[in-house]
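See below for the structure under consideration.
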Amino acid sequence: MDPKGRMSRLTSLLRRRGIVLPSFEIYGGVSGLVDYGPVGARIKRRVVNSWIDHWGSVPNIVEIDSPTITPEDVLVASGHVGEFNDKMSECKSCGGAFRSDHLLDEFHDNPDTLDSSELDELISKNGVVCPSCGSHEWAAASAMNLMFQTSIGAMGGSRSAFMRPETAQGMFMLYPALYRHFRQRLPFGAMQTGKGYRNEISPRQGMIRLREFNMAELEYFIDPENPPVTDLSRWPRKVCMIPDPEGPHPNEVEVTIEEAFESGIVKHPTVAWFLAMTMQFLEDVGIDPSKVRFRQHASSEMAHYASDCWDCEIIGEHGWIEVVGIANRTCHDLESHEKHSKSGLLRAWRSFENPIKESREVLKPVGSVIGPSFRDRAGEVSLALSELTDLPESTPFSLTLSDGTSVQIEEGMVTRSLQETVVSGEYFTPHVIEPAFGIDRIIWHILDHNYLEMEKEGDEYTILSLEPTLAPYDLVVLPLFDKDGMDVMAREILDEIGSISGVIAEIDTSRSIGRRYARADEIGIPWAVTVDHQSLDDGTLTIRRRDDQSQIRIDVGTLIQCLTSKTLHTLF
RNA sequence: GCGCCUGUAGUGAAGGGGUUAUCACAAGAGGUUUCCAACCUCUUGUCCCGGGUUCGAAUCCCGGCGGGCGCACCA
């Protein structure tokens with residue numbers, strides 16, 4: 001078959017079989033929005049479940065679920081309102097559009113802090129030329145808002161809000177509850193799957209750049225002075241890594257994650273652990289590991305919140321595509337939310353190994369004397385006394401208050417004593433390591449890598465070789481003929497299978513048996529169970545394996561047992 | 001957003017200012033057949049949307065929407 005048309009054949013299949021289709025098609029469709037049909041939605045649910053199970057197997061990681069509508073304040077604090085409102089300048093001559101701040105990089109230290117009129121002024125003053133046609137006729141800078149804006153409340157006085165551009169803020173909002181849940185002990189993680197929204201300028205490439213998309217994010221809160229270290233030798237596979245070309249390890253390498261960490265390519269032990277866990281997840285859902293690489297962001301490419309970032313990229317019909325971003329967000333979010341919200345709950349407590357004992361001499365105010373003597377300034381005086389570092393040898397002495405004025409402290413106003421304090425720890429803002437998965441992009445690559453075009457007896461033949469745990473149906477029941485009792489028996493078996501928890505089966509009765517196998521193979525059903533004449537006599541069934549069309553014969557009881565214990569594959 | 005190309009059943013395509021728009025595959029009903037897209041009969045279903053030109057538009061023109069590629073954008 002023509003390899004060039006592979007992508008369009010795959011896309012046709014996805015539409016035809018109800019896997020992924022354009023949304024709102026009878027109204028002309030909307031670019032950047034897609035539907036998962038009856039088959040695709042099953043696959044998607046199972047991919048998401050696999051993701052939740054993968055990270056949920058780590059004991060200190062929990063799942064949460066937050067609103068997609070997010071008040072403006074939250075996204076101001078997170079930096080999204082600022083970062084997502086880039087100004088664009090359009091060239092009047094050729095129509096090219098460019099980020100206004102990028103045009104001014106040479107002329108201003110911090111061009112992204114400027115407003116529209118300042119940008120326009122600087123652009124014309126410096127005679128900035130259009131990078132594509134060389135003209136310097138610019139239209140006025142205008143904002144492009146990459147977030148969908150809405151408001152909370154139907155009437156006047158409503159609050160400005162946005163559809164969330166990432167799920168991560170939900171985890172930060174819940175930090176106090178998480179900290180309590182985990183009994184004030186780091187590290188811990190919270191994960192969430194759900195929709196995110198970005199009003200892309202030009203969505204392209206099918207399900208790769210969507211305006212509404214499925215994300216799966218995990219925020220792992222750690223003590224930066226005591227980051228968790230994992231035994232990386234559990235992941236012996238070599239992976240392709242492309243470190244920052246401007247960094248100390250500029251060359252692409254094939255190494256294990258453990259080697260990458262030990263050689264300093266990956267600096268942070270927790271980031272290294274997430275790279276390994278991410279790789280394992282992708283393999284588990286049927287991504288071809290030889291088509292995966294990790295690429296480190298150059299500092300210029302980094303998101304506003306990150307200090308280090310590795311993209312996990314997968315190659316497929318669309319080329320190398322970022323499907324996971326693993327970022328060290330440090331304390332950026334929690335600190336910024338603390339500042340904006342004035343909440344005191346966004347910290348963690350770190351006990352010192354050896355509590356710091358301090359004893360120092362202090363002058364304690366005698367309230368009954370200080371009060372009447374200084375009246376409304378008595379509080380100030382007490383404060384100034386507590387802040388004294390060099391205690392005067394004797395009274396009376398002159399004490400400087402915070403407002404700069406001095407008062408005279410007389411004998412009897414203070415008592416000298418030894419104060420003992422024990423500092424057993426300190427509050428700090430946890431750091432956050434975040435893996436952020438683009439579920440739709442991963443599903444695309446699962447479909448891409450498992451879409452097999454082959455030849456069968458001279459004809460073209462297609463198999464979606466999905467991992468059995470991700471298949472839209474676990475098996476299909478096929479009566480060889482839809483009559484003579486085979487139809488009844490097939491439906492009885494389907495009923496029985498339907499009562500097994502977590503197993504989804506369907507029945508297909510129309511047309512020839514070969515055609516029905518082909519239909520099942522095409523949407524990735526791993527097993528076909530055929531009821532034939534012999535089944536009626538002795539209760540045995542044919543089990544056919546999708547990937548090699550091999551068959552065995554077992555009785556109904558064995559089938560039910562194997563489905564219940566998920567051991568059907570062991571019979572082959 | 002700009003430029004080039006493009007839009008016909010579920011899918012892939014042909015055609016095209018004039019009677020009822022064509023084909024293959026798919027799908028539904030029935031028949032036949034003892035396990036890999038067989039065959040026979042019947043059936044369902046299509047010109048992206050809006051405006052213009054015209055006696056007549058699915059066809060030509062303009063706009064919108066969608067798709068592909070390039071430019072730009074993409075935490």
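Proteins come first, then strands; the chains are lettered A, B, ... in the order of their sequence lines, and each starts at number 1.
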C74(B) C1' sits how many Å from M147(A) CE, rounded?
15 Å
With side chain to side chain donor-acceptor pair (under 3.5 Å) as the rule and sequence neighbours excluded, what pairs involving residues 479-488 of chain A come up?
D482(A)-R491(A)
Closest to the 5' end of RNA chain B, once Y197(A) and E25(A) are matched to their nearest nucleotides, is E25(A)
Name every donor-acceptor pair, under 3.5 Å, that has one atom in a side chain of residues 199-207 of chain A and the other anywhere in the protein, sequence neighbours excluded.
unit_1	atom_1	unit_2	atom_2	d
N199(A)	OD1	R211(A)	NE	3.3
E200(A)	OE1	R209(A)	NH2	3.0

Whole Å only: how far is the NE2 atom of H318(A) from the C1' atom of C69(B)?
13 Å
Rounded P spacing from G10(B) to G17(B) in Å:
25 Å
State whether S12(A) places a side-chain N or O below 4.0 Å from either non-bridging phosphate oxygen (OP1 or OP2) of G12(B).
yes
Not counting sequence neighbours, which residues clear side-chain hydrogen bond (donor to acceptor under 3.5 Å, both in side chains) with Y220(A)? List them please.
N60(A)
Which part of the nucleic acid does R15(A) contact within heavy-atom distance under 4.0 Å: base, sugar-phosphate only, or nothing?
sugar-phosphate
Please set out all donor-acceptor pairs under 3.5 angstrom arising from side-chain atoms of residues 30-45 of chain A, sequence neighbours excluded.
unit_1	atom_1	unit_2	atom_2	d
D35(A)	OD1	S23(A)	OG	2.8
Y36(A)	OH	D440(A)	OD1	2.6
K44(A)	NZ	N214(A)	OD1	3.3

For nucleotides G15(B) and A72(B), find the distance between their P atoms and express it as a whole number of Å.
36 Å
Write down the distance separating the C1' atoms in G50(B) and A58(B), rounded off to the nearest Å.
15 Å
Would the number of heavy atoms belonging to other residues, nucleotides or ligands and lying under 6.0 Å from CD of Q149(A) be above 12?
yes
Would you tell me if any nitrogen or oxygen in the side chain of S31(A) comes within less than 4.0 Å of OP1 or OP2 on C65(B)?
no
Got a sec, which residues hit side chain to side chain contact (heavy atoms under 4.5 Å, CB included) with S512(A), two or more places apart in sequence or on another chain?
R515(A)
B/S/- along nucleotides 28-40 of chain B (protein heavy atoms under 4.0 Å) is B----BBBBBS--
Run the side-chain donor-acceptor check on residues 443-450 of chain A: report pairs under 3.5 Å with partners two or more places apart or on a different chain.
unit_1	atom_1	unit_2	atom_2	d
H445(A)	ND1	R441(A)	O	2.8
D448(A)	OD1	R6(A)	NH1	3.0
D448(A)	OD2	E317(A)	N	2.7
H449(A)	ND1	D288(A)	N	3.1
H449(A)	NE2	I315(A)	O	2.8
N450(A)	ND2	G286(A)	O	3.1
N450(A)	ND2	I446(A)	O	2.7

Who pairs with W527(A) by ring-ring contact (aromatic ring centres under 6.0 Å, His included), at least two apart in sequence or on another chain?
F572(A)
Atom-to-atom span, CD of Q205(A) to C1' of G70(B) - whole angstrom
13 Å
On a whole-Å scale, what distance lies between the P atoms belonging to G67(B) and C48(B)?
16 Å
Please measure how far the C1' atom in C74(B) lies from the corresponding atom in G16(B), and state the result in whole Å.
42 Å
Between atom CD1 in I26(A) and atom P in C47(B), what is the gap in whole Å?
13 Å
Touch check for P165(A), heavy atoms < 4.0 angstrom, all strands: base, sugar-phosphate only, or nothing?
base
Output the rounded distance in Å from CD1 (I523(A)) to P (A26(B)).
16 Å
If I take atom CG in residue L14(A) and atom P in nucleotide G10(B), what distance separates them, rounded to the nearest angstrom?
17 Å
May I ask you to say what G206(A) touches in the nucleic acid, namely base, sugar-phosphate or nothing, with a heavy-atom cut-off under 4.0 Å?
sugar-phosphate
Do other residues, nucleotides or ligands put more than 12 heavy atoms under 6.0 Å from L452(A) CG?
yes
Residues that T530(A) engages under side-chain hydrogen bond (donor to acceptor under 3.5 Å, both in side chains), provided they are two or more places apart:
Y517(A)
Per-residue pairing states of RNA chain B in dot-bracket (Watson-Crick or G-U under 3.5 Å; . unpaired, | other strand) read (((((((..((((....[...)))).(((((.......)))))....(((((..]....))))))))))))....
Could you check how far CZ of R9(A) sits from C1' of G68(B), rounded to whole Å?
17 Å
Please list each protein N or O that sits under 3.5 Å from an N or O in nucleotides 42-44 of chain B, with the distance.
none

Go nucleotide by nucleotide along RNA chain B from the 5' end; which of R198(A) and P203(A) gets its closest nucleotide reached first?
P203(A)
Integer angstrom distance from the C1' of A9(B) to that of C5(B)
24 Å
State whether the distance check finds a donor on one side and an acceptor on the other, under 3.5 Å, for side chain R209(A) versus base C73(B).
yes
Describe, in one word, how the ring planes of W55(A) and W273(A) are oriented to each other, choosing from parallel (under 30°), tilted (30 to 60°) and perpendicular (over 60°).
perpendicular
Partners of S510(A) by side-chain hydrogen bond (donor to acceptor under 3.5 Å, both in side chains), sequence neighbours excluded?
R519(A)
Nearest-angstrom distance, C1' atom, G52(B) to G56(B)
15 Å
Rounded off to whole Å, could you give me the CD-to-P distance for the E313(A) and C74(B) pair?
16 Å
For E322(A), answer base if it contacts any base atom (sugar-phosphate contacts may also be present), sugar-phosphate if it contacts only those atoms, and nothing otherwise; contact means non-hydrogen atoms under 4.0 Å.
nothing
Would you measure the distance from the C1' atom in C65(B) across to the matching atom in U41(B) and give it in whole Å?
42 Å
Under the criterion salt bridge (Lys or Arg N to Asp or Glu O under 4.0 Å), which of R544(A), R516(A), R546(A) is the partner of D521(A)?
R544(A)
